[in-house]
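Remarks on the structure that follows.
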Amino acid sequence: MPTRFTFPIAAVSAELWVSMSSLRESKDGSPPMTEQRDNDFFQCIARLKPNVSIQQAQAKIDSITASWRQQYPDSKLHTGAKVIPEISAMIGSTHSALLMLCAMAGCVLLVACVNVANLLLARSLSRNREISIRAALGAGRWRIIKQLLAESTLLGALGGLAGLVVAIWGIDSLKAFLPSIPRIDEILPDPLILVVTAVASLGVGILSGLFPAWRASRSNLAVSLNEAPRGAGESASAHRTRAALVVVEIVLALILLASAGLLVESFIRLQRVPGGFDVTNVMTARVALTQTNYGKPEQAAAFYKKLLERLSSQPGMQSVAAAWWIPLSGSEIGFTFNFDAHPVAQGQQPVAQFNAVTADYFKTMRVPLRKGRWFTERDDKNAPAVAIVTEAFAKQFFPGGDPIGKRIIVDGSVEPGKPPVREIIAVVEDMHLVSLNVPPKPQIYVPYPQFAIQSLSIFMLTQVDPGPVTTALHRAVAEIDKDVPVYRPRLLADYRSQSIAQPRLNAMLVSLFALIALLLAAAGIFGVMSYSVTQRTQEIGIRLALGAQRYDVLRLIIGQGMRFVGIGVLVGLIGVFASSRLLQSLLFGVGATDLRTMFIATVTLATIALCACYIPARRAMRVDPIQVLRSE
């Protein structure tokens with residue numbers, strides 16, 4: 001296949017594909033895997049015929065599965081099959097996050113457009129006499145609009161070019177923070193990006209300059225030509241327009257700031273979720289035995305027993321264990337099970353996550369024991385079948401009772417025949433096997449010698465840096481069998497970090513968007529207030545000459561600016577509550593309308609806005625009334 005071919009999309013891309021015909025080979029007398037009716041972990045992919053909808057395909061599949069239930073009434077699985085578009089399966093849980101990020105990026109772009117429009121409007125008002133003179137000399141209204149639009153479009157083009165350079169430069173940095181986004185490696189600069197950037201830049205330039213150009217072209221020639229060079233002050237309509245643009249900036253900035261606060265709070269709470277185990281100084285790696293040399297369970301069990309004994313003797317090794325699945329790796333397998341004392345009917349059996357582990361697994365992972373005893377080396381193939389369950393299992397299936405001593409039958413076995421009846425010997429703390437934001441499901445753990453499979457993950461707890469232990473693992477495996485591969489060495493902490501990569505990305509990018517929007521809003525408020533102070537210099541000088549205190553001037557200017565902020569905050573809070581449904585699916589442990597986060601976002605925005613108003617207000621306080629009256 002081509003180098004960039006990746007299917008299915010997964011955290012670890014496939015490098016080798018084999019035919020399912022190999023699964024038909026069965027050397028132990030059991031039915032081939034492809035002919036076992038109770039296997040539910042296969043997935044089908046199909047290309048629909050033209051004009052066939054997903055709903056029609058689902059109806060056909062429902063009809064087929066219904067006939068299967070009648071044909072195989074003793075089957076343990078009656079779940080059917082669900083038809084979904086491949087693009088939905090590929091994007092998965094990132095769909096909502098991508099939509100949210102696109103919406104937030106659009107908000108930032110809109111804030112920038114409003115800010116530039118406000119600045120261009122102020123600039124056009126300051127050029128009122130110039131534009132009036134051009135009109136008096138024969139320039140038509142459309143000619144004036146074209147000139148002003150050409151200036152704003154040039155600004156948009158230059159900004160787009162600068163943004164494109166920064167984007168290309170930052171692609172590699174962005175990829176480092178996007179490990180869980182499907183097809184992230186395919187993000188490369190291409191002609192389509194250049195075209196989109198060019199169109200967006202020109203569109204932004206035209207959009208930002210359109211209203212200021214139209215507003216400037218409507219100036220009254222007589223008033224404009226007769227007013228003093230400094231201007232007679234800003235008209236009421238122009239003042240309202242600029243105030244409305246500032247309010248829009250405040251609204252968008254508050255929505256982004258509140259969204260960033262919610263996502264950051266959600267990420268912090270997610271990080272604090274106890275996984276049920278300790279990832280510190282634990283190195284993991286996969287070891288795969290061949291079916292040819294280790295086809296029998298006792299052969300696989302003997303290999304791993306010898307391997308763990310060799311690793312335990314290595315310097316600095318505190319504890320060593322092996323298990324079928326690595327917590328927080330995104331992989332799991334669930335088995336149906338039944339109760340020995342009061343079995344339930346076929347098709348109604350409960351499901352629990354399943355894992356086969358060696359005796360020191362819980363010690364290596366530092367999992368708290370709630371009651372009962374650990375697995376020991378005596379829990380081998382010849383010993384009575386036992387199991388350890390989690391608190392979630394005990395609460396769901398033995399509410400108010402003690403699961404210790406109860407007997408269950410797990411519908412899974414590595415050897416032909418009926419699965420054994422297992423006695424529950426302990427209850428351990430819940431562990432997150434899939435992700436930290438997914439509540440722990442009921443889990444069943446069995447001793448590895450009683451469920452000896454060929455491929456296991458090795459867990460090595462060290463007293464020092466766990467990095468060098470990978471070499472010791474390679475050496476120990478080679479000493480036993482040089483043909484056995486060791487692959488995917490990773491720190492257990494990396495799996496935990498990967499499990500929260502998407503929430504971390506959401507919080508980081510939205511926080512960046514919110515910071516940009518906040519700075520743009522502050523710049524917009526500062527620009528409006530500075531322009532207002534310039535336009536009202538004569539008024540301020542007269543106020544001071546008539547006895548007003550400089551503190552009164554400070555309060556006047558800040559009060560005017562904060563009125564804009566107050567209106568923007570009020571409308572922005574309404575917008576935050578209205579858009580809360582978009583964020584709800586991305587949050588963990590916090591509501592989309594969390595009042596504490598809203599209060600912090602409001603106070604932060606108001607503080608920044610106050611600082612933006614204070615600087616022009618300080619300049620207004622230093623107006624010299626004598627100079628103003630002389631110039632008047």
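These numbers were taken from a predicted model, which means no experiment stands behind them.
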Inset, instruction - List the steps and the verdict of side chain to side chain contact (heavy atoms under 4.5 Å, CB included) for V510 and L101. - result: CA-CA 7 Å; V510 176; L101 293 176; 3.9 Å; yes

Inset, instruction - For side chain to side chain contact (heavy atoms under 4.5 Å, CB included), just list the numbers for L433 and L328, CA-CA rounded to whole Å, side-chain angles, deciding distance to a tenth of an Å, and then say yes or no. - result: CA-CA 5 Å; L433 292 187; L328 300 181; over 6 Å; no

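Within a 6.0 Å sphere centred on CH2 of W169, heavy atoms belonging to other residues, nucleotides or ligands number 12 at most. No more than 12 heavy atoms of other residues, nucleotides or ligands lie within 6.0 Å of CZ in F599, so this atom counts as exposed by the packing criterion. With a 6.0 Å radius and a threshold of 12 heavy atoms from other residues, nucleotides or ligands, Y551 has its OH atom at or below the threshold.
Here the straight-line distance linking atom CG of L520 with atom CD1 of I525 works out to 11.0 Å at 0.5 Å rounding. Remark: L554 CG to R618 CZ distance equals 7.5 Å, nearest 0.5 Å. Taken from CD1 in I615 to CD1 in I557, the straight-line distance is 14.0 Å, to the nearest 0.5 Å. Residue L254 holds its CG atom at 8.5 Å from CD1 of I250, rounded to the nearest 0.5 Å. Residue F267 holds its CZ atom at 4.0 Å from CD1 of I500, rounded to the nearest 0.5 Å. Remark: L270 CG to L436 CG distance equals 5.5 Å, nearest 0.5 Å.
Across all their heavy atoms, V576 and I255 have their closest contact at CG2-CA, 3.7 Å. The two atoms that bring M283 and R490 nearest to each other are SD-O, 3.2 Å, heavy atoms only. Taking both residues in full, the closest heavy atoms of L48 and I54 are given as CD1-CD1, 4.0 Å, listed atom of the first, atom of the second, then distance. Considering all non-hydrogen atoms of both residues, A521 and A253 come closest at CB-CB, 4.0 Å. Across all non-hydrogen atoms, the minimal contact from Q56 to N51 is OE1-O, 3.5 Å. Taking every heavy atom of both residues into account, G156 and S201 meet most closely at O-CB, 3.3 Å.
At distances below 3.5 Å, at least one donor-acceptor pair connects side-chain atoms of S511 with backbone N or O atoms of A507. Put simply, the side chain of E249 never gets that close to the backbone of A522: no donor and acceptor are under 3.5 Å apart. The backbone N or O of G527 sits nowhere less than 3.5 Å from a side-chain atom of S530 that would complete a donor-acceptor pair. No donor-acceptor distance shorter than 3.5 angstrom exists from the side chain of S497 to the backbone of A493, with no hydrogens or angles considered. With D594 contributing its side chain and G591 its backbone, the two residues share no donor-acceptor pair below 3.5 Å. The backbone N or O of P327 lies less than 3.5 Å from no partner atom in the side chain of H432, so there is not a single donor-acceptor pair. Side-chain atoms of T597 never come within 3.5 Å of backbone atoms of G261 as a donor-acceptor pair (strictly under, hydrogens ignored). In this structure, R550 contributes its side chain and V623 its backbone to a donor-acceptor pair below 3.5 Å.
The side-chain heavy atoms of F588 and V273, taken from C-beta on, include a pair separated by under 4.5 Å. Within the 4.5 Å cutoff, no side-chain heavy atoms of V83 are placed close to those of K60. With a 4.5 Å cut-off on side-chain heavy atoms, L263 and L587 count as touching. Between M562 and V565, the closest side-chain pair of non-hydrogen atoms falls below 4.5 Å. R596 has its side chain out of reach of V590: every pair of non-hydrogen atoms, C-beta onward, lies at least 4.5 Å apart. Using a 4.5 Å heavy-atom cutoff, the side chains of I45 and E86 are in contact. At least one side-chain heavy atom of L573 sits less than 4.5 Å from a side-chain heavy atom of T602. When side chains are defined from C-beta on, F513 does not count as touching C107, because their heavy atoms never get closer than 4.5 Å.
Side chains of Q271 and R504: a donor-acceptor N/O pair is absent below 3.5 angstrom, by distance only.
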